[in-house]
Amino acid sequence: MYPRRIVLIWFFLWTLSSVSQNNQILYDFDGLPQSLMLNPGAELNIDKHFGVPLLSNVYGQFGATDQDITYNDLNNVNNEDLDNKIKYLYDLELSNSDFFVANGRVEVLNIGFRLRNPDYYLSFGMYADGKAFGKYAKETMDLYFFGDDKDNDGQPEINKRTDFSEINAVGELVGVFHVGISKKINDRTQIGARLKFLSGSLNYNIQDTEGEYFLLGDDPYTHNFNGMEIYFRSSGLDLPVINAGDELTLGNYPPAIEDWSEPISDLFFMSGNFGIGIDLGITHHFDENLIFTASLLDLDYLKYSKNNVTYTLSEGNFDLSDVDFWDPIPGSEIDYWEEVYNTYAGAGNDLEMFPIETINTEYNIGRAPKLYTGL
């Protein structure tokens, strides 16, 4: 019920990668030391390498399953009006199978050298990694724009279900210090592994949601929420504490991180949010003309224990009674839903309060692993 913050956080990391080159996949480019980042078991015919800080391996990318969506299109939609940006996405008629993804990386340091035993190559370094993913929640967006009148005929639709389990969004900004080693087993096989120490700077995630909404009755209407289990977890973001009985002020767009010194320092293990991970890779020659490579990356685990805010809506079943059905005003949806929320949450009214709660508790995240193969 606080759409501006959720959508802004969803898009937050996208803006961080707005000025950079695209991510050029260097998998199986054995002549380039960056290939070790995609396959720790890659073969390198060099004795050492050094990545210039903040100049090597800088990239950002934004993508979506719908070919009509580009970062520039979204950014050019009236920068001062978030309602128009959301409406732009809605008018593309996306489905539940559509999703958005953004990635960005800045390499701080990357060094490697061959050991006294030439079969071993040692590498180490540090980089900042930002990622974001979000599914398009069509039914939730229908409710956001049209409320209970989804066919826009002026009459509410009774018992029309909205499934909240389609909501799924994650994003992060982490610092990674890595140490890797590759070993030539024989003339046919080379293996490698990289140990990573992670520092979580920013994180948000809303996953494994459950619940549905539908309208019943007439004068008064009953807004029914069944099986609600929604957890929005965040770390390092300046989010307000919201509990049942508190009125909500969404604030202005965009949300500002006025002092970036803390998020940047948190990339260098100052956050208290720590994790560990491992990357694995192999190169194998079947013969002189047929080579197989594979790598499994980001087998990572992070524990967020500092600056955490978690919004919970987990009372299962509850009802809200009202003489009106929900009917957002076109072009002012954010203000409308803020008013609706405050109608129920405001202290001193006779309506049941919306059962949202803010807790500050640590949580654990497993990063999404990646698999690369080549033949």
Side-chain angles (χ1 to χ4, degrees), residues 1-7 10 81-98 134-169 206 209-232 242 244-250 311-346 349-357:
M1 303 301 291
Y2 32 93
R4 177 177 295 177
R5 284 287 181 179
I6 292 178
V7 173
W10 191 348
D81 195 333
L82 182 61
D83 285 302
N84 287 344
K85 292 182 183 292
I86 303 174
K87 189 64 164 61
Y88 167 78
L89 293 176
Y90 185 83
D91 289 342
L92 293 174
E93 299 182 353
L94 306 179
S95 70
N96 287 337
S97 61
D98 288 301
K135 280 191 63 178
Y136 183 79
K138 185 179 187 307
E139 292 186 17
T140 304
M141 293 294 281
D142 288 341
L143 179 67
Y144 172 79
F145 278 106
F146 299 108
D148 297 311
D149 182 17
K150 295 182 178 61
D151 57 8
N152 204 25
D153 64 355
Q155 298 296 323
E157 297 172 345
I158 303 300
N159 208 29
K160 177 72 173 180
R161 308 279 168 145
T162 297
D163 184 5
F164 294 119
S165 65
E166 62 187 7
I167 300 175
N168 187 323
I206 176 170
T209 58
E210 297 180 11
E212 63 177 7
Y213 163 79
F214 59 94
L215 181 70
L216 290 178
D218 185 4
D219 194 23
Y221 293 101
T222 301
H223 303 276
N224 290 267
F225 292 84
N226 289 343
M228 298 298 294
E229 291 287 340
I230 296 179
Y231 298 88
F232 180 89
I242 306 170
D246 296 338
E247 291 196 358
L248 177 65
T249 302
L250 293 175
Y311 299 130
T312 70
L313 185 61
S314 57
E315 291 209 3
N317 304 329
F318 62 93
D319 301 328
L320 303 173
S321 297
D322 200 344
V323 295
D324 296 320
F325 63 90
W326 289 340
D327 188 20
I329 301 171
S332 300
E333 288 84 4
I334 289 178
D335 293 336
Y336 175 86
W337 287 113
E338 179 181 300
E339 182 179 352
V340 166
Y341 177 85
N342 289 331
T343 297
Y344 293 101
N349 62 41
D350 296 328
L351 302 175
E352 297 182 58
M353 293 183 181
F354 204 80
I356 189 172
E357 183 180 1

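Bear in mind that the values here come from a model prediction, so they are computed numbers and not experimental data.
Every side-chain contact (heavy atoms from CB on, under 4.5 Å) that S95 has, sequence neighbours left out, goes to S97, D98. For the ring-ring contact (aromatic ring centres under 6.0 Å, His included) test, no residue two or more places apart in sequence or in another chain qualifies with F164. Contacts of T140 classified as side chain to side chain donor-acceptor pair (under 3.5 Å), with partners at least two apart in sequence or in another chain: E166. Evaluation of the ring-ring contact (aromatic ring centres under 6.0 Å, His included) rule for Y336 yields no partner, not counting sequence neighbours. By the salt bridge (Lys or Arg N to Asp or Glu O under 4.0 Å) test, D327 pairs with no residue at all, sequence neighbours left out. Take T222 and apply the side chain to side chain donor-acceptor pair (under 3.5 Å) test, not counting sequence neighbours, and it matches no residue. Looking at residues two or more places apart in sequence or on another chain, you find no side chain to side chain donor-acceptor pair (under 3.5 Å) involving E339. For E357, the salt bridge (Lys or Arg N to Asp or Glu O under 4.0 Å) criterion is met by no residue, not counting sequence neighbours. Remark: E210 pairs with E229 by the side-chain contact (heavy atoms from CB on, under 4.5 Å) rule, at least two apart or across chains.
The shortest distance between side-chain heavy atoms of N159 and L216 falls below 4.5 Å. Y213 is not listed as a side-chain neighbour of R161, based on a closest heavy-atom distance of 4.5 Å or more. Side-chain atoms of I230 and S314, non-hydrogen and from C-beta on, never get closer than 4.5 Å to each other. Residues I334 and Y144 have side chains in contact (heavy-atom distance under 4.5 Å, counting atoms from C-beta outward). Residues K160 and F214 are not in side-chain contact: their nearest non-hydrogen atoms beyond the backbone lie 4.5 Å or more apart. Side chains of Y221 and D324 form no contact here, defined as non-hydrogen atoms less than 4.5 Å apart. Considering only heavy atoms from C-beta on, P156 comes within 4.5 Å of L215 through its side chain.
Taking the six-membered ring wherever Trp is involved, the centroid distance between the rings of W337 and F145 does not fall below 6.0 Å.
The minimum heavy-atom distance linking A137 with I167 is given by the pair CB-CG1, 4.0 Å. Closest non-hydrogen pair, G147 versus P328, comes out as N-CD, 3.5 Å.
Going from atom OH of Y136 over to atom CG of N168 covers 15.5 Å, rounded to the nearest 0.5 Å.
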Quiz item: Does the pair D319 and F225 meet the rule for a side-chain contact (heavy atoms from CB on, under 4.5 Å), with working shown?
Solution: CA-CA 6 Å; D319 301 328; F225 292 84; over 6 Å; no

Quiz item: Could you go step by step and tell me if F318 and L313 meet the side-chain contact (heavy atoms from CB on, under 4.5 Å) rule?
Solution: CA-CA 11 Å; F318 62 93; L313 185 61; 4.2 Å; yes

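Listed by first and then second residue, the salt bridge (charged side-chain N to carboxylate O under 4.0 Å, His left out) pairs involving residues 138-159 are K138-D142 (not counting sequence neighbours).
Of the possible donor and acceptor atoms, one in the side chain of N317 sits under 3.5 Å from a partner among the backbone N and O of G227.
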